[in-house]
Amino acid sequence: MTEALTAKCANPCVLVIFGITGDLTKRLLYPAICNLGSKSLLDEHFTILGIGAEKYSTAAFRAKLTRDAKTFVADPQAKKFSLNLKNRIHYLSGDFSDPKLYAKVKNRLDCLHKHPNQAISYNYLFYFAVPPAFIERLATGLAHVKLLDEQQGAHARRIIVEKPFGHDLASAKALNKALLALMNEQQIFRIDHFLGKETVQNLLAFRFSNGIFEPIWNHHYIDHVQITIAETLGVEARGAYYDQAGALRDMVPNHLLQLLSLIIMEAPNSFSAESIRAEKAKALQAICPIAAENIAAQVIRGQYLAGVIDGETVAGYQDELAIKPNSNAETFVALQCFVDNWRWSNVPFYLRTGKRMKTRASEIIIQFKAAPSNLFNALGENATPNLLRIYLQPDEGISLQFNAKVPGPSLHLGQVDMTFKYRDYFGIKPQTGYETILYDCMNGDHLLFNHTDMIENGWALVQPILDAWRQSTVMPHYKAGSWGPTLADELLTKDARQWLM
Ligand code: BG6
């Protein structure tokens, strides 16, 4: 992960992208590849073999990707790099459910090795940019033609799998089992794209490279923690998937729990993927499962109605494309949970995420306990608790809010901020979040990827909620452009707290 910044070229590979004609490649993967290439982080023999259902010749596909790059690659140097890469892109059309396809893939890779002017690597990374139902089929097909054999470590053979990884605990376990019967854990790279975000990675640096925060990072000093991932977008063209999934499955066992585990984990022994994974897994295991009888009080769901966002009227969820009539899918979820260990005893964590909310913002807020003395109350002044805000997007940064004296003859308190913005200090160029993910995978670094146990621990925590919701049809609503259903506010007001954004 950290090497990405120090410009060491990644190990050579052929990136075989199943589903290359989909949105993911043109919007995120290909721009990320071009961003890496423009910083000399790709090996000179880096090659792409794309596989999709659509019929394209390699030449036509190269032309399509070059056109897409004009729209989706933001950085001018990266745009330029896409032209250099063009001749190293190959395309094969085929049906993923056809067992014969995998022999064709092998054959095509063999042919590429014979290409007179283009050396390619024997390291293959298979990126599954496909609907979840295909994951097992693809892995089985590749295993069948021995494309997953690492020949005792001589060549890397890795698969990269997008979320959702399963749709509940049982299916996630079954998928892990099926994949692990075909390859070993080190060959599987399960993506949570939030871990590719700069500020998310910075959480580790922030917590463990600064001596001043760790001593107060516990129940003695922290009152509570809020983690919000709010989106203004609706379900867009993903209605068919989203209506099956809902906000809980879509965001909680993965993105929100990843963020939570980075906040609550203990310091790892080293910065190795293994040490960090071990601490994150321990952290997830310490989160108390919410008992069935407490779910109604601790977990709030909601679905958006029509409303106004940024001055524009938007449709309600029921009127979005591909949504079942009277759908009971939640587009918002807020929950309160606790971590049962020494450090976090009795500290509530409030997590929330939703679509069509008032503003797009992902933020972690740590509220510290109030100052012990009420010196200022006697003066009619209120010393508000300190807040540490970690901004994940759209602006990446960190700020610390504290009280200061308002200038003037009498003593009044005002809240001020010390703010660090990534952009101001490091002049970050536009990134997709996939750069680090791809780079690490090329180098076989598992730091930002999910191990079997993280996936299963995540699903184990949300499974009781899924079970409880299946029994009930109660679905609170909220207006698009709001902060979610009022019940979500009550989740905090009952504890004399409030959402801080
Ligand atoms: C995805 C979810 O994993 O994350 C989407 O499936 C969500 O529903 C997205 O919109 C949010 O990620 P980002 O990077 O756009 O904030």
Side-chain angles (χ1 to χ4, degrees), residues 1-17 28-29 32-37 39-48 121-129 148 150-163 165 176 179-180 183-209 254-255 258-259 261-262 265 267-284 431-455:
M1 166 180 82
T2 37
E3 288 92 322
L5 301 173
T6 56
K8 184 176 151 283
C9 168
N11 292 338
C13 71
V14 181
L15 181 62
V16 182
I17 307 179
L28 296 166
L29 291 183
I33 289 165
C34 296
N35 286 338
L36 285 174
K39 295 193 188 75
S40 308
L41 293 175
L42 290 181
D43 182 85
E44 58 173 327
H45 299 315
F46 172 77
T47 303
I48 296 177
S121 165
Y122 282 96
N123 295 330
Y124 302 151
L125 269 50
F126 299 100
Y127 200 117
F128 294 0
L148 296 180
E150 290 205 310
Q151 294 146 10
Q152 282 137 11
H155 307 297
R157 296 283 190 268
R158 301 178 185 137
I159 68 162
I160 312 176
V161 186
E162 280 286 338
K163 72 167 261 286
F165 196 92
N176 272 328
L179 295 183
L180 288 168
M183 63 198 105
N184 64 52
E185 179 70 40
Q186 289 305 311
Q187 292 176 268
I188 309 173
F189 288 73
R190 302 174 192 81
I191 291 188
D192 184 317
H193 80 278
F194 259 61
L195 296 180
K197 294 183 192 287
E198 225 23 89
T199 324
V200 175
Q201 294 172 47
N202 187 38
L203 278 174
L204 288 173
F206 177 77
R207 281 196 56 197
F208 301 124
S209 69
N254 33 67
H255 307 326
Q258 282 293 343
L259 296 180
S261 65
L262 289 168
M265 69 185 268
N269 290 342
S270 76
F271 230 65
S272 72
E274 199 39 51
S275 301
I276 292 175
R277 181 190 74 73
E279 291 307 333
K280 278 167 73 178
K282 248 165 60 192
L284 276 183
Q431 299 278 299
T432 65
Y434 274 77
E435 289 79 2
T436 318
I437 284 173
L438 287 167
Y439 179 87
D440 282 3
C441 187
M442 290 173 197
N443 290 334
D445 182 346
H446 274 268
L447 186 67
L448 299 179
F449 295 88
N450 276 319
H451 190 275
T452 303
D453 58 3
M454 303 261 333
I455 297 278

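Count residues from 1 along the sequence.
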Aromatic plane relationship, His255 with Phe194 - under 30° parallel, 30 to 60° tilted, over 60° perpendicular: parallel
Test item: Asp453 and Arg277 side chains (from C-beta on) under 4.5 Å apart, heavy atoms: yes
Beyond-backbone contact of His155 with Glu150, side-chain heavy atoms, under 4.5 angstrom: no
Any side-chain donor near an acceptor of the partner, Gln258 and Lys280, under 3.5 Å: yes
Single hit among Leu125, Ile33, Val16 for side-chain contact (heavy atoms from CB on, under 4.5 Å) with Ile48: Ile33
Backbone N/O of Gln187 and side chain of Arg157: donor-acceptor pair under 3.5 Å: no
Ring-face cation of Arg190 near Phe165 (centre distance under 6.0 Å, axis angle within 45°): yes
Parallel, tilted or perpendicular: rings of Tyr124 and Phe126 (30°, 60°): perpendicular
Side chain Glu279, main chain Ile276, donor-acceptor under 3.5 Å: no
Distance (rounded to the nearest 0.5 Å) between Asn254 CG and His193 NE2: 9.5 Å
Smallest separation among heavy atoms of Phe189 and Gly444, with atom names: CZ-CA, 3.9 Å
Mutual orientation of the aromatic rings belonging to Tyr127 and Tyr434 [parallel < 30°, tilted 30-60°, perpendicular > 60°]: tilted
Heavy-atom check, side chain of Phe449 versus side chain of Ile191, under 4.5 Å: yes
